[in-house]
Amino acid sequence: MNRKWWKEAVIYQIYPRSFYDSNGDGIGDIKGIIEKLDYIKELGIDVIWLCPVYKSPNDDNGYDISDYCGIMDEFGTMEEFDELLNKAHSKGLKVIMDLVVNHTSDEHQWFIEARSSKDSEKRDYYIWMDAKNGEEPNNWGSFFSPSVWEWDEKTGQYFLHLFSRKQPDLNWKNPVLRKEIYDMMKWWLDKGIDGFRMDVINAIAKNWSFPDAPRAEHNTMKYVFYPQYYFNQPGVHELIQEMNREVLSKYDIMTVGEACCVTTEMARLYTGEDRNELNMVFQFELMEIDTGEKWKWDIVPWKLTVFKRIMSKWQKGLHNTGWNSLYLNNHDQPRMVSRFGNDKEYRVESAKMLATLLHTLQGTPYIYQGEEIGMTNVKFDSIEDYRDIETINFYNIAVNHEKIEPNSALQSIYKIGRDNARTPMQWNDEENAGFTAGKPWIKLNPNYRSINVKQAMENKDSIFHYYKKLIALRKENLTMVYGDYTLLLEDDEEIYSYIRELNGNRLLVILNFFDKEPVWKLPEGIKYKDARLLLSNYEVEQEEEISEIKLRPYEARVYELI
Ligand code: NOJ
């Protein structure tokens with residue numbers, strides 16, 4: 001057990017645009033975050049992860065950066081950022097920043113110069129290719145538009161963009177560019193920030209031969225979305241090791257890489273303690289559990305046995321070799337209570353049950369703003385009300401090219417669209433949920449009248465108070481952080497149960513994942529004298545025998561076995 005502060009920390013993710021608006025322009029801002037630091041502290045959080053606050057034309061809500069060392073006008077100023085950092089630190093909160101260096105905005109000075117002429121000094125900061133037979137260099141499909149290639153009329157070449165055409169990919173082969181990025185990272189770290197969440201960091205090395213992607217039989221689209229060619233390419237580890245050598249190793253910070261398509265074997269390479277790369281990665285295997293054949297918009301039912309298999313694979317796979325990050329939602333995913341719990345009758349119970357899972361596994365838990373009050377997915381009537389570039393592009397392609405009924409496209413958006421997580425934070429039951437005094441940049445979820453922070457703080461049985469207890473428990477109990485993990489009842493389709501063990505201290509976790517009332521039976525061979533209940537989301541008779549328990553809908557219990 002190699003103790004580290006970032007293993008024992010709980011992280012709170014802020015999507016600034018939707019967190020708290022201090023000046024009435026309808027957009028959350030840095031001053032708004034400063035005002036809410038005490039709220040975050042009260043929950044027991046150690047680290048805040050700030051989604052991008054840099055200068056940006058906002059084609060992808062800040063993930064298209066036009067100046068890495070400037071603050072987005074709508075969010076405030078660098079002085080306000082400094083104030084946020086100081087105030088957070090004075091309250092014992094660390095702050096990590098989103099680092100988006102796979103691509104910039106096309107409005108970044110580097111790209112403006114690069115596209116001005118083929119001879120520009122900055123030309124090679126990006127990835128340019130000639131046309132092939134008058135068309136794109138290959139058939140790759142992008143995340144946010146049909147092709148990954150965009151034609152540049154003036155210089156007569158295509159440039160690569162895995163995301164929107166306003167997010168050109170940087171050329172990490174270029175050492176001068178790499179040095180600029182490292183200097184920029186040091187500039188932020190010298191300011192005192194505590195680490196980075198690295199956006200699509202495993203995409204920085206490209207498949208430099210740019211082969212055509214294989215086309216699945218049913219696929220009639222001209223461009224093929226094929227992430228296997230975009231991520232984890234040869235050379236990526238050398239690049240991250242260089243970044244570690246040049247920058248990360250010089251500071252006591254934490255790093256988490258967003259890593260689409262990683263297996264546990266790959267994650268061991270990114271996070272292995274002897275590898276000098278990153279502390280942990282966000283893996284996507286669980287997030288793909290309900291993905292059908294046509295990538296994310298085709299949603300299929302998920303099974304608990306598969307869910308457990310995935311989680312267990314990661315628990316075992318990184319044990320003593322790397323480190324897990326634990327999340328069930330973020331700004332790119334639907335709300336966890338709507339996806340894996342029950343956002344109706346059992347919203348409170350199921351949100352607490354899912355939280356119990358996240359905080360009792362091995363790894364660092366991430367809470368996404370609003371999760372701690374059980375915020376849910378949203379259903380807007382019209383596509384006009386959506387703001388997310390990915391959602392709007394999907395809708396247009398589905399309706400205009402694939403001739404899918406608008407209503408059926410909306411049904412997919414209701415389940416998986418990113419705006420589910422981006423509606424404003426619900427602070428109280430007043431107008432606009434107390435998020436803004438102006439017109440919010442995106443509509444609110446109308447359920448804010450009953451689901452909001454004020455209500456949650458006043459009610460001692462709320463999800464918020466349960467999170468507080470869970471976080472406090474994890475702080476006292478190193479077994480929750482470092483203990484070995486043993487899955488029980490592997491084939492059970494309703495109950496997720498496991499044991500965590502550290503130096504003879506054992507925790508038993510029992511989670512009922514649905515609204516049925518299954519009976520949990522203690523598997524043979526588990527010996528104990530006494531079982532002490534540490535936490536539950538229902539009232540439990542203390543003296544109850546644990547060899548057989550009839551669970552209530554979405555019931556969660558954590559016992560210490562003595
Ligand atoms: C992952 C980010 O989380 C997402 O919001 C963004 O659209 C893409 N990377 C591109 O930066």
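Read the numbers this way: they start at 1 and go in the same order the structure lists the ligands and their atoms. Values reported hereafter were calculated over all heavy atoms of this structure, with side chains retained and with hydrogens, waters and symmetry mates removed. All values reported here derive from a predicted model rather than from experimental measurement.
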One pair per line, please: each N/O atom of ligand 1 matched with every protein N/O atom under 3.5 Å away, atom names first, then the distance to 0.1 Å.
from: ligand 1; atom 1: 3 (O); to: R197; atom 2: NH2; distance (Å): 3.0
from: ligand 1; atom 1: 3 (O); to: H331; atom 2: NE2; distance (Å): 2.8
from: ligand 1; atom 1: 3 (O); to: D332; atom 2: OD2; distance (Å): 2.4
from: ligand 1; atom 1: 5 (O); to: H331; atom 2: NE2; distance (Å): 3.1
from: ligand 1; atom 1: 5 (O); to: D332; atom 2: OD1; distance (Å): 2.7
from: ligand 1; atom 1: 5 (O); to: D332; atom 2: OD2; distance (Å): 3.4
from: ligand 1; atom 1: 5 (O); to: R418; atom 2: NH1; distance (Å): 3.3
from: ligand 1; atom 1: 7 (O); to: D60; atom 2: OD1; distance (Å): 3.3
from: ligand 1; atom 1: 7 (O); to: D60; atom 2: OD2; distance (Å): 2.5
from: ligand 1; atom 1: 7 (O); to: R418; atom 2: NH1; distance (Å): 3.0
from: ligand 1; atom 1: 9 (N); to: D199; atom 2: OD1; distance (Å): 2.9
from: ligand 1; atom 1: 9 (N); to: D199; atom 2: OD2; distance (Å): 3.2
from: ligand 1; atom 1: 11 (O); to: H103; atom 2: NE2; distance (Å): 3.0
from: ligand 1; atom 1: 11 (O); to: D199; atom 2: OD2; distance (Å): 2.7

Inset, instruction - Check for a donor-acceptor pair, side chain of D169 on one end and backbone N or O of H103 on the other, with a separation under 3.5 Å. - result: no

Inset, instruction - Give a yes or no answer on whether the side chain of S325 reaches the backbone of V281 with a donor-acceptor pair at less than 3.5 Å. - result: yes

Legend entry - Parallel, tilted or perpendicular, as decided by the 30° and 60° cut-offs, for the rings of F284 and Y327: perpendicular

Inset, instruction - Quick one: list whatever passes side chain to side chain donor-acceptor pair (under 3.5 Å) with N244, sequence neighbours left out. - result: none

Legend entry - With sequence neighbours excluded, residues passing ring-ring contact (aromatic ring centres under 6.0 Å, His included) with W128: F111, F159

Legend entry - Which residues share a side chain to side chain contact (heavy atoms under 4.5 Å, CB included) with E242, sequence neighbours left out: R178, Y182, R245, E246

